[in-house]
Protein chains: 4
Amino acid sequence: MAKQPRADARRNRARVLEVAAEVFATDGLSVPVHEIARRAGVGTGTVSRHFPTKQELFAAILLQRLEQLIAEAELLAEEQEPGPAFFTFFATLIREGAANRGLAEALAGGGYDLESAAETAGLDLTGGLSALLTRAQEAGSVRPDVDYADVKALMNGCLTRTGAGTGTDPEADAAALDHLTAVVCDGLRSRAGSAID
Amino acid sequence: MAKQPRADARRNRARVLEVAAEVFATDGLSVPVHEIARRAGVGTGTVSRHFPTKQELFAAILLQRLEQLIAEAELLAEEQEPGPAFFTFFATLIREGAANRGLAEALAGGGYDLESAAETAGLDLTGGLSALLTRAQEAGSVRPDVDYADVKALMNGCLTRTGAGTGTDPEADAAALDHLTAVVCDGLRSRAGSAID
Amino acid sequence: MAKQPRADARRNRARVLEVAAEVFATDGLSVPVHEIARRAGVGTGTVSRHFPTKQELFAAILLQRLEQLIAEAELLAEEQEPGPAFFTFFATLIREGAANRGLAEALAGGGYDLESAAETAGLDLTGGLSALLTRAQEAGSVRPDVDYADVKALMNGCLTRTGAGTGTDPEADAAALDHLTAVVCDGLRSRAGSAID
Amino acid sequence: MAKQPRADARRNRARVLEVAAEVFATDGLSVPVHEIARRAGVGTGTVSRHFPTKQELFAAILLQRLEQLIAEAELLAEEQEPGPAFFTFFATLIREGAANRGLAEALAGGGYDLESAAETAGLDLTGGLSALLTRAQEAGSVRPDVDYADVKALMNGCLTRTGAGTGTDPEADAAALDHLTAVVCDGLRSRAGSAID
DNA sequence: TATGAATGAGGGTTCATTCAT
DNA sequence: CATGAATGAACCCTCATTCAT
């Protein structure tokens with residue numbers, strides 16, 4: 001059992017995480033580190049000490065969130081029927097991403113390779129979602145010819161809807177996003193053949 | 001007899017466009033202008049002469065491509081039934097974007113406002129796709145409760161599938177993309193109600 | 001007890017100011033920021049940190065000097081008769097500008113809008129000099145048909161005398177400048193009619 | 001007698017001179033060479049062929065003007081009394097400079113050493129003005145304790161009045177300039193002692 | 001450990017001058 | 001000769017990272 005870091009160090013680390021999460025969520029991953037330090041009320045050096053690289057800060061933020069999401073996935077897997085579990089989780093991810101610009105950027109692959117970071121960290125979003133997907137497919141709730149990558153792509157697509165609709169009515173945006181989510185879920189459920197008419 | 005620009009200038013301009021198109025397609029819109037100049041074997045000033053601003057270089061490349069695509073859209077609108085016209089064009093856009101990281105970034109809105117650039121240039125991708133969509137909906141080939149933004153979002157989503165394709169087997173990637181496209185088209189076609197089961 | 005900036009930062013800032021003041025005084029406002037950094041023995045980023053913009057560096061140097069000069073003007077206004085107060089201050093400005101190419105450039109309006117920068121900073125050179133002028137005119141020490149712009153122009157004129165002084169004998173230059181200043185002051189004092197004879 | 005350049009070359013040279021004179025007069029010496037070529041309807045290479053360096057273009061323009069002015073000075077010297085000759089020429093220079101931003105910049109020493117260029121070219125503005133000045137001083141029309149450099153400085157001063165008054169009423173500007181000129185002439189005429197009151 | 005100042009490479013753009021056509 | 005495209009150094013500014021205090 002490793003020695004605990006000093007209490008103030010732990011507090012600072014937590015504070016940086018908290019602020020960075022907010023800032024990345026609001027403004028995306030390209031916010032200068034400097035800005036995060038400023039808002040957290042610490043020096044830039046403090047950020048760098050805890051997260052030697054901006055990428056590592058991304059990882060800490062995003063993987064932390066991912067971990068919670070995976071936990072939710074597991075809970076859903078236990079508590080609900082395969083179909084609803086999958087669809088609920090899918091919608092959750094989308095709402096999450098819509099509320100979190102940085103997460104959306106990372107999921108879309110822009111400028112930060114979340115997937116491999118997760119893998120390195122031993123997290124398995126892929127696994128969590130994959131498991132839900134597979135079960136839903138086995139239960140016949142989701143068409144069998146889609147895979148994890150497809151689902152992720154559809155999720156990313158939904159997320160770009162939000163990006164575009166800035167400056168208008170946030171409630172309308174949210175409604176439109178929910179509607180699109182529903183449409184996509186419909187598509188995933190449908191068992192139709194797929195010739196192009 | 002219009003006054004032609006000098007032959008060597010045309011060659012260089014073409015070379016810059018060609019190289020930039022390649023580089024943007026491969027590496028995205030954030031490659032330094034300097035790098036494009038280097039690969040084209042010209043000085044940075046030469047790039048700036050032909051395209052005074054990086055944005056104008058984007059425009060030259062992307063709008064040229066867009067123009068062709070819009071022409072295709074119009075052709076399809078004339079020659080095919082509403083449904084197939086829409087779905088074919090949708091698939092075309094996706095294949096195009098998948099082969100072109102820069103285009104995909106621009107379509108997704110990251111770092112370059114393609115939409116308004118197109119508008120300025122008198123191009124109307126929105127209009128082209130919108131028209132196809134509306135007609136397909138009127139013909140009953142596409143569910144009536146999706147709009148242009150939804151379609152664009154789904155397109156963007158498909159495009160992120162490629163991004164993830166970790167370079168293993170390009171043919172498999174292309175096949176997977178086509179499959180996803182087909183799935184999405186299915187979804188757009190389905191007339192089902194949309195309760196989350 | 002106000003929070004002091006760090007000692008080394010203060011030293012560097014001071015060093016940059018000092019070097020920049022020297023360099024601008026000697027070589028004018030068009031010296032590259034890079035050069036100032038080099039001579040100060042710091043990186044370009046250090047200059048930018050303290051003075052985010054070249055203009056702000058100008059401001060820091062010139063307004064500081066201006067502030068002192070305005071204070072002098074106010075002191076003179078209180079302690080001396082209107083005439084001497086005005087003429088002394090006028091001569092002071094000229095000597096100052098003669099020793100400071102950057103200040104002279106800024107006063108002449110070349111490349112940096114000192115006037116409006118001063119206004120923004122709450123400084124009012126115009127006001128200071130204007131007030132002295134008006135009072136001297138009311139006291140009958142300065143001919144009533146000149147205005148602030150005239151005075152400023154005459155000052156600028158005197159300053160170009162130095163510019164020409166081809167480096168031969170600095171003492172002789174200074175003497176010549178003082179003499180010219182005296183001549184101009186004579187002219188401002190004279191009450192004669194002004195037909196061109 | 002050297003061989004004449006080709007007729008079209010002579011025409012081009014003349015055209016460039018003409019346009020450059022206009023442009024420098026209007027916009028100052030910092031206009032890009034490119035812009036002059038463009039307005040003259042020639043290639044940049046043509047400008048460079050005739051005037052290998054921007055400085056040489058300055059010289060050609062400004063010295064040509066200077067030559068005319070010197071001729072005027074000589075004419076005045078012959079045809080008028082010493083005093084009026086001097087004052088008239090002085091006023092002429094000022095009006096010239098006020099109408100010619102480039103000339104004013106050069107006279108003020110900003111970015112181009114007109115004086116030494118003139119010397120190199122065998123022109124002697126100094127001489128022309130100096131001669132007028134000396135004669136006027138000998139005739140008792142100008143105070144004896146000013147020299148050529150003083151006069152030039154006063155002229156430059158007058159010229160900065162114009163620079164400042166942009167954007168308002170051009171006629172008022174011209175009137176103010178004439179008034180200032182008259183004031184300065186008064187000062188040059190005055191025989192008063194010059195203690196600072 | 002925390003700080004935040006220092007660093008310096010890297011970005012896009014401009015322009016006097018050169019040189020192939 | 002004329003052309004104007006090509007050049008590339010120079011400019012100012014940004015920011016992730018390092019390191020003296």
## Note on the structure
Atom CZ of Arg38(B) and atom P of dG11(E) are separated, to the nearest Å, by 12 Å
### Summary
Checking dT21(F), dT1(E), dC1(F) against the side chain of Asp8(C) (C-beta onward), the nearest is dT21(F)
### Message
On DNA chain F, does the nearest nucleotide to Gly41(D) precede the nearest nucleotide to Ser30(A) from the 5' side, or the other way round? Give the residue.
### Response
Gly41(D)
### Query
Where do Arg49(A) and Thr46(A) land on the side-chain contact (heavy atoms from CB on, under 4.5 Å) test, with the steps shown first?
CA-CA 5 Å; Arg49(A) 159 172 299 273; Thr46(A) 301; 5.6 Å; no
### Message
Suppose we screen for salt bridge (charged side-chain N to carboxylate O under 4.0 Å, His left out). Which residues come up paired with Arg13(A), at least two apart in sequence or across chains?
### Response
none
#### Entry: By salt bridge (charged side-chain N to carboxylate O under 4.0 Å, His left out) - contacts of Arg15(A) (at least two apart)
Glu18(A)
### Summary
Listing for DNA chain F: consecutive Watson-Crick or G-U pair runs of at least 3, distance cutoff 3.5 Å, ranges ordered by first number, gives E:2-21 with F:2-21
#### Entry: For atom CZ of Arg10(D) and atom C1' of dA2(F), their distance in whole Å
17 Å
### Message
Could you walk me through whether Leu159(D) and Leu103(D) satisfy the side-chain contact (heavy atoms from CB on, under 4.5 Å) test, starting with their C-alpha distance in whole Å, then the side-chain angles of each, then the deciding distance to 0.1 Å, before giving a yes or no?
### Response
CA-CA 10 Å; Leu159(D) 292 179; Leu103(D) 182 57; over 6 Å; no
## Note on the structure
DNA chain E nearest-nucleotide lookup for Thr46(C) and Val31(B): closer to the 5′ end is Thr46(C)
#### Entry: For atom CG of Asn12(A) and atom C1' of dG4(E), their distance in whole Å
14 Å
### Query
Tell me: CD1 of Ile36(D) to C1' of dT14(E), nearest whole Å?
16 Å
### Message
Heavy-atom count check: over 12 atoms from other residues, nucleotides or ligands less than 6.0 Å from Glu119(A) CD?
### Response
no
### Task
Output all residues satisfying salt bridge (charged side-chain N to carboxylate O under 4.0 Å, His left out) with Asp27(D), sequence neighbours left out; order by chain, then residue number.
Arg39(D)
#### Entry: Whole-Å gap separating P (dA2(F)) and CZ (Arg11(D))
10 Å
### Rounded distance in Å - CZ (Arg15(C)) to P (dT7(E))
12 Å
#### Entry: Candidates dA2(E), dT7(F), dC1(F) - which lies nearest the side chain of His50(A)
dA2(E)
### Task
Mind calculating the distance between CD (Glu35(C)) and P (dA9(F)) to the nearest angstrom?
18 Å
### Task
Could you please spell out the steps behind the side-chain contact (heavy atoms from CB on, under 4.5 Å) verdict for Phe24(C) and Ile36(C)?
CA-CA 9 Å; Phe24(C) 286 149; Ile36(C) 290 164; 3.5 Å; yes
#### Entry: Atom pair CG (Leu107(B)) and OG1 (Thr160(A)), whose distance is rounded to the nearest 0.5 Å
10.0 Å
### Summary
Hits for side chain to side chain donor-acceptor pair (under 3.5 Å) against Asn100(B), two or more places apart or cross-chain, chain-then-number order -> none
### Query
Touch check for Gly43(D), heavy atoms < 4.0 angstrom, all strands: base, sugar-phosphate only, or nothing?
base
Hey, what are the protein-to-nucleotides 17-19 of chain F N/O distances that come in under 3.5 Å?
residue : atom : partner  : partner atom : Å
dT17(F) : OP2  : Lys54(A) : N            : 3.0

